[in-house]
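Basis for what follows: all heavy atoms, side chains included, without hydrogens, waters or symmetry-related copies. First the proteins, then the strands, lettered A, B, ... as listed; each starts at 1.
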Number of protein chains: 2
Amino acid sequence: MLRLSTKGQYGVRAMYEIARGYPETPVTIKEISERQDVSVAYLEQILNKLRKAGLIKSIKGPGGGYILNRSADKISIASILNELEGPVALTSCLDPEGGCVRVDSCVTHLLWKALGEQVEAFLKTITLKNLMAGDFYSQEVKVKDKVKV
Amino acid sequence: MLRLSTKGQYGVRAMYEIARGYPETPVTIKEISERQDVSVAYLEQILNKLRKAGLIKSIKGPGGGYILNRSADKISIASILNELEGPVALTSCLDPEGGCVRVDSCVTHLLWKALGEQVEAFLKTITLKNLMAGDFYSQEVKVKDKVKV
DNA sequence: AAATACCCTACTGTTTTTGTCAAGTATTAT
DNA sequence: ATAATACTTGACAAAAACAGTAGGGTATTT
Ligand code: FES
Ligand code: FES
């Protein structure tokens, strides 16, 4: 359960490659494609979203490529996944868009909400820099001391 | 991102209704259907899985229905979702079945693994009893102090 | 035997996912 | 200028997953 889409997975791996070039060298889609074994066409879609979100910027023409828009320790995994897969919402009732008429009488609503918040909090603490350094740890994420329904 | 399937959602809500009858009164599919607004046919599929997993038992004939196989404080949300959606595996590489050739050189593998473990740990701490009582809290879930890649 | 209630398998329409393809725009090097 | 490089964009399609229906069968009670 709770599968991450390939777009999200590839997106993080692509960002990792781009981060490696920062701040000197723009990284081309082709290079990312070869290193991470993802097709150029698919990466185009992914990187486009991340560029529009302001996480990376692009440089056209020979010698061009992609480069981080801010330093690696200021880009969290959460911010990448948010752009590619939308916000964490374990049920459609929790979607920013979709409301639910049962929400007040629903016995599970707050449970899914709490879990979602926990996931989000975790992903926010991990940055590209952490990923590159190879150390990431879970910091006693505490959503709420107690939730009364 | 990270959407839970309706099977998982309905399953937890159905278990909640069954738990309310425990240990005296078996709860029928029809009752669950009406209270939780899920079709009888769909619930049959879901409850069948949960019965085969040993979480509930069934009583046939008039006066029958479903009843918990052990007390509500011994049934975690994790155990319910595990049966209906399989184990938490954010990527196919983490699936018990599917291996991945890149796993050793993969920069994100341990990240998804850590997140998955965190989710699982959270869901294991919440029982049906917690759900019924309306209090569930996140207990400083700590997967590992530090993961070195 | 009639009524109740669970059991089981198959099937189908819909949505989401996972990509591919083709044509276009901007920049640099020669 | 012109060719080569590299990003940009939108349309499209196969495949998988999801959500749910349908229909017949079995066991138990009254
Ligand atoms: S069914 Fe919508 S909030 Fe639970
Ligand atoms: S691609 Fe399989 S482990 Fe990362």
Charged N-O contact under 4.0 Å between B:Arg3 and A:Asp95: yes
In whole angstrom, give the distance that lies between atom CD of A:Glu44 and atom P of C:dT18. 18 Å
Round to the nearest Å and state the distance from B:Leu43 atom CG to C:dC6 atom P. 10 Å
Given C:dT18, D:dA19, C:dC7, the nucleotide with the shortest approach to the side chain of B:Ser58: C:dC7
Atom-pair distance (CD on B:Gln9; C1' on D:dG20), nearest Å: 14 Å
Any side-chain heavy atom of A:Tyr66 within less than 4.5 Å of one from A:Leu47? yes
Listed nucleotide nearest any side-chain atom of B:Pro62, set D:dA19, D:dT21, C:dT4: C:dT4
If you measure only the distance, is there a donor-acceptor pair under 3.5 Å linking the side chains of A:Asn82 and A:Ser79? no
Could you please spell out the steps behind the side chain to side chain contact (heavy atoms under 4.5 Å, CB included) verdict for B:Leu131 and B:Val12? CA-CA 10 Å; B:Leu131 189 60; B:Val12 173; 3.8 Å; yes
Look at the side-chain N and O atoms of B:Thr28 and state whether any lies under 4.0 Å from the OP1 or OP2 oxygen of C:dT4. no
Contact nearer the 5' end of DNA chain C, comparing B:Val27 with A:Leu4: B:Val27
For the residue pair A:Gln9 and B:Thr91, confirm or rule out a side-chain donor-acceptor distance under 3.5 Å. no
What's B:Lys52 touching, base or sugar-phosphate or nothing? Going by heavy atoms closer than 4.0 Å. sugar-phosphate
Nearest of C:dT27, D:dA22, C:dT20 to any side-chain atom of A:Lys60? C:dT27
Can you tell which of D:dG20, D:dC7, D:dT21 lies closest to the side chain of B:Thr6? D:dG20
A:Leu84 CG - C:dT18 P separation (whole Å): 12 Å
Nearest-angstrom distance from the residue atom CD of A:Gln45 to C1' of D:dA11: 11 Å
Does a side-chain heavy-atom distance below 4.5 Å link A:Lys57 with A:Leu68? no
Distance, rounded to the nearest Å, where B:Arg3 contributes CZ and D:dA19 contributes C1': 14 Å
From the list D:dG20, D:dT9, C:dT18, which nucleotide is the closest neighbour of the side chain of B:Tyr10? D:dG20
Between B:Arg51 and C:dC6, is there a side-chain N or O to OP1/OP2 distance below 4.0 Å? no
Would you indicate what A:Lys7 reaches in the nucleic acid, counting non-hydrogen atoms under 4.0 angstrom: base, sugar-phosphate, or nothing? base
Can you identify which nucleotide, out of D:dT9, C:dG19, D:dA19, has its nearest atom closest to the A:Tyr42 side chain? C:dG19
For a quick test of reading the model: is some side-chain N or O of B:Tyr66 closer than 4.0 Å to OP1 or OP2 of C:dA5? no
May I ask you to say what A:Ile29 touches in the nucleic acid, namely base, sugar-phosphate or nothing, with a heavy-atom cut-off under 4.0 Å? sugar-phosphate
Whole-Å distance, B:Ile56 CD1 to C:dC7 P, equals 8 Å
Which whole-number value in Å describes the distance from A:Asn48 CG to C:dA23 P? 19 Å
Have a look at B:Leu47 and say if it touches a base, only the backbone sugar-phosphate, or nothing, with a 4.0 Å heavy-atom cut-off. nothing
